[in-house]
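The structure displayed is predicted, hence computed values, not measured ones. Start at 1 and go down the list; that is how both ligands and their atoms are numbered.
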Amino acid sequence: MHLPHITPQRLPSVLRRMPKAELHIHIEGSLEPELIFQLAERNGVKLPYESVEALRAAYAFTDLQSFLDIYYAGASVLLKEEDFFDMAWAYLQKAAAENVVHTEIFFDPQTHTARGVPMGTVIQGLHHACQRAHQEFGISAKLILCFLRHLSEEDAFATLEAALPYRHHFIGVGLDSSELGHPPEKFARVFARSRELGLHVVAHAGEEGPPAYVWSALDVLQVERIDHGVQAIHDPALMQRLAQERVPLTVCPLSNVKLCVFPTLAQHNLKQLLDAGLCVTVNSDDPAYFGGYLNDNFVQLFEALELGPREAYQLAFNSFEASFADAATKRSWEHQLKTFFEDLREHD
Ligand code: HPA
Ligand code: ZN
């Protein structure tokens, strides 16, 4: 489609207003320090930080593991169904305000069940927030259960089993946590079982880990999307495969800089991935920890890489294409996106 010229000054507003989907957000990573302290007080949980400021000051990460240690500590304040509701509700309010029309939300049940929180408490709290956000804002919000890859496959199986009474409340499974040393094939059987159950399957791969992990996520786990995947750039055959099959990569620019995957946003490889024909999407990952929600990711990335309306349209289009919505719903979002850009042209 023909796209209008948009001045650099006007671009941030266009990025913020365009309809889009978010496909890579860990709900525990949306817990703002203020809410962590509120929930700690409500539940009588003692935190190893004195104040909101002291906690925020600890957000100086050197790699994925240095972040995960703090992220799991923050999640320790979540005990009751209303805590899970409040966390997801806060995120969904922000997402709706950012013109996110659809979101597929990761959650980490093992982080909570290991502390004695029942699976039903986690899933029902999150589900009720998704339901209410759909009613109040018209946003479509779905859940994806993630297995923690630093734990055993046996633990992942027990987690899947415990979640089955709530099967209708989540659409897929994913794989997150410490990537190096925990290759996708460690979870071959539990992913095969998940596919048999009709669940969608995705996995984090190629965030810090090598292209070999992306190959094994595709070939062994048979995932439908790769989360991150930015290390694929080092393997031309893999790049060709991802482009040919249009396997989506859910890329998280601010996360990648905060966790030192790239030294600066200007050095991020998203443009190269896009130019190679990959179905790249932009996402926030853990917005409370990485300095911005989805629109901040778009605005800062576009400024750093000097991207324009063509890339904006393509990335928003990709977010709908890569989603797990049905074909008719995708078409209606794509139509909404097209209309949004056409209306811009009229006012030029
Ligand atoms: N990578 C792996 N595990 C995670 C992440 C991530 O970016 N965020 C939350 N858990
Ligand atoms: Zn992630």
Would you call Glu22 and Lys94 a salt bridge, using N to O less than 4.0 angstrom?
no
Hey, is Asp296 close enough to Arg16 for a salt bridge, meaning N to O under 4.0 Å?
yes
Is there a nitrogen or oxygen of His228 sitting under 3.5 Å from a nitrogen or oxygen of ligand 1?
yes
Please list the nearest protein heavy atom to atom 7 (O) of ligand 1 with its residue and the distance rounded to 0.1 Å.
Asp285 OD2, 2.7 Å
Ligand 1 atoms nearer than 4.0 angstrom to some heavy atom of Phe67 are 8 (N), 9 (C)
Show me which atoms of ligand 1 lie under 4.0 Å from any heavy atom of His204.
1 (N), 2 (C), 6 (C)
In the protein, which heavy atom is nearest to atom 5 (C) of ligand 1, and how far is it?
His26 NE2, 3.6 Å
Residue portion contacting ligand 1 (non-hydrogen atoms closer than 4.0 Å) for Leu68
side chain
Tell me whether the Zn ion (ligand 2) has Asp285 as a neighbour, meaning an N, O or S atom of it below 2.8 Å.
yes
Check this for me: does any side-chain nitrogen of one of Arg56 and Glu34 sit under 4.0 Å from a carboxylate oxygen of the other?
yes
Under 2.8 Å: N/O/S of His24 next to the Zn ion (ligand 2)
yes
In the protein, what heavy atom is nearest to atom 1 (N) of ligand 1, and what distance, to one decimal place, separates them?
Glu207 OE1, 2.8 Å
Do the side chains of Asp343 and Arg17 get close enough for a salt bridge, i.e. N-O under 4.0 angstrom?
no
Is Phe106 in contact with ligand 1, taking contact as a heavy-atom separation below 4.0 Å?
no
Identity and distance of the protein heavy atom lying nearest atom 8 (N) of ligand 1
Asp286 OD2, 2.7 Å
Looking at atom 3 (N) of ligand 1, what's its closest protein heavy atom, distance included?
Ser177 N, 2.8 Å
Please work out which of the three classes, parallel, tilted or perpendicular, describes the rings of His200 and Phe324, given edges at 30° and 60°.
parallel
Looking at His182, Glu179, Gln65, Lys186, which one forms a side-chain contact (heavy atoms from CB on, under 4.5 Å) with His150?
His182
Aromatic plane relationship, Phe67 with Tyr289 - under 30° parallel, 30 to 60° tilted, over 60° perpendicular
perpendicular
Determine the interplanar angle of the Phe106 and His204 rings, folded into 0 to 90°, and report it as parallel if under 30°, tilted if 30 to 60°, perpendicular if over 60°.
tilted
Strictly under 2.8 Å, is any N, O or S atom of His26 next to the Zn ion (ligand 2)?
yes
Please work out, at 4.0 Å between heavy atoms, whether the side chain, the backbone, both, or neither of Asp227 comes within that distance of ligand 1.
neither
Salt bridge or not for Glu334 and Lys330, using N-O below 4.0 Å?
no
